[in-house]
Amino acid sequence: MPELPEVETTRRGLEPVMKGKTIAKVTVNRRDLRTPLPKSFEKTVGGQKVKALRRRAKYILIDLANGQSILAHLGMSGSMRVMKIKQYERLTHDHVIFHLGGDTLIVFNDPRRFGLIDLLKTSDETQHPLLSHLGPEPLSKDFNAAYLKAALAARKAPIKPVLMDQKLVVGVGNIYASEALFLAKIHPQTPAHEVAKHAATLVKMIQRTLEAALKSGGSTLRDYKQATGESGYFQHSFNVYERRSEPCVACDSTIVHITQAGRASYFCPTCQPHNYLPKKPRISKA
DNA sequence: ATATATCCCTGCGCGC
DNA sequence: TGCGCGCAGGGATATA
């Protein structure tokens, strides 16, 4: 579940280790990630100095001296960890290993292979098909009340899956969408256009949630680890996520779990009341 | 154009 | 104890 806080935490962990260093060589244990690792990957990356590490949405970009960049996505179970050669023991899903000059390794591990590693031919990430359609960064000034208000006005789908749409805003995934809606006191099933008037609150709460998670090094549920190998600890600060049947931290009501667009949503029925009625009345089965 | 379903993949927890 | 099944989920893609 790496979302923006987990990806940014990973980038921050890699930066001091990789920046200015040379990637002496690359070992590939398997190429069939979500998209196949490019045939030229080892050759393109080997011997290159790392100029900078950036993040766009849930992607990490590693800029190389030759003008190309490594593009990495952690999917939902991926991690990049820093290791010393001496202490390294190969784990089952260590797919790609970057050998830095000296005795340091960067290991890309991804059990479910929903993640990927690719090459970006120029420093202009908008040229890559996976990055060309992305919306604004949630912590940038481009993501503001006026923008969100206009964007929500055109949407009839429930607000929660809309917040996870990377064309609307990037970096918000299943965990932080539920958490931000709790803080904004908005029911996850409310049609998006009905909460356009609360755009300012939503912007504030999305940013507050992501920034708090960043301070905690992200959330570790199952697989995610920081580059240092440590777990994040924002999961201890969840108000609703994975708290089905537990008491609301604000009002003691029981947290409810529903499925929306195939994803788990959690909310407090008292703090986040319905403000609309379904069009079709439910017919009870006797 | 948006909205929803389907698929990718592995690990884990559950029930028998 | 062990095995099979269902679920989890980011995001691309297909379909309505």
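It should be emphasised that the depicted structure is a prediction, and the values quoted were computed from it without experimental measurement. Letters go in sequence order (proteins before strands), and every chain restarts at 1.
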Quiz prompt | Among C:dG10, C:dA12, C:dG9, the one nearest A:Leu130 by side-chain distance | solution = C:dA12

Quiz item: Can you find a donor-acceptor N/O pair under 3.5 angstrom joining the side chain of A:Arg155 to the base of B:dA3?
Solution: no

Quiz item: Looking for any heavy atom pair under 4.0 Å, which part of the strands does A:Ala157 touch: base, sugar-phosphate only, or nothing?
Solution: sugar-phosphate

Quiz item: For C:dG11, does OP1 or OP2 lie under 4.0 Å from any side-chain N or O of A:His133?
Solution: no

Quiz item: How about A:Leu202 and A:Leu181: do any of their side-chain heavy atoms sit closer than 4.5 Å?
Solution: yes

Quiz prompt | Any A:His73 side-chain N or O less than 4.0 Å from OP1/OP2 of C:dA12 | solution = no

Quiz item: What nucleotide, of C:dA12, C:dG9, B:dT10, holds the atom closest to the side chain of A:Arg34?
Solution: C:dA12

Practice problem: Evaluate whether atom NZ of A:Lys49 has more than 12 neighbouring non-hydrogen atoms of other residues, nucleotides or ligands under 6.0 angstrom away. | Solution: no

Practice problem: Give the rounded distance in Å between these two atoms: CG of A:Asn109 and P of B:dC9. | Solution: 17 Å

Exercise. Send over the distance from A:Lys58 NZ to C:dG10 P, rounded to a whole Å.
Key: 6 Å

Quiz item: Could you state the NE2-C1' distance from A:His93 to B:dC12, rounded to the nearest angstrom?
Solution: 12 Å

Quiz item: Tell me: CG of A:Leu74 to C1' of B:dC8, nearest whole Å?
Solution: 17 Å

Practice problem: Let me know the distance between CZ of A:Arg244 and C1' of C:dC7, rounded to the nearest Å. | Solution: 11 Å

Quiz item: Hey, is A:Arg12 close enough to A:Glu8 for a salt bridge, meaning N to O under 4.0 Å?
Solution: yes

Quiz item: Can you check whether A:Arg112 has a side-chain N or O nearer than 4.0 Å to OP1 or OP2 of C:dA8?
Solution: no

Practice problem: Please name the residue in the list A:Lys58, A:Arg54, A:Arg55 that meets the salt bridge (Lys or Arg N to Asp or Glu O under 4.0 Å) test with A:Glu137. | Solution: A:Arg55

Quiz item: Within the pair A:Lys156 and B:dA3, is there a side-chain N or O less than 4.0 Å away from OP1 or OP2?
Solution: no

Exercise. Give A:Arg263 one of three labels, base, sugar-phosphate or nothing, depending on what nucleic acid heavy atoms sit under 4.0 Å from its own.
Key: base

Quiz item: Atom CD1 of A:Ile159 and atom P of B:dA3: how far apart are they, to the nearest Å?
Solution: 11 Å

Self-check item: Atom-pair distance (OH on A:Tyr59; P on C:dA12), nearest Å
Solution: 5 Å

Practice problem: To the nearest Å, give me how far apart CG (A:Leu168) and C1' (B:dA1) are. | Solution: 15 Å

Self-check item: Distance below 4.0 Å between A:Tyr241 side-chain N/O and C:dG9 OP1 or OP2
Solution: yes

Quiz item: What is the nucleic acid contact for A:His193, judged by heavy atoms within less than 4.0 Å: base, sugar-phosphate only, or nothing?
Solution: nothing

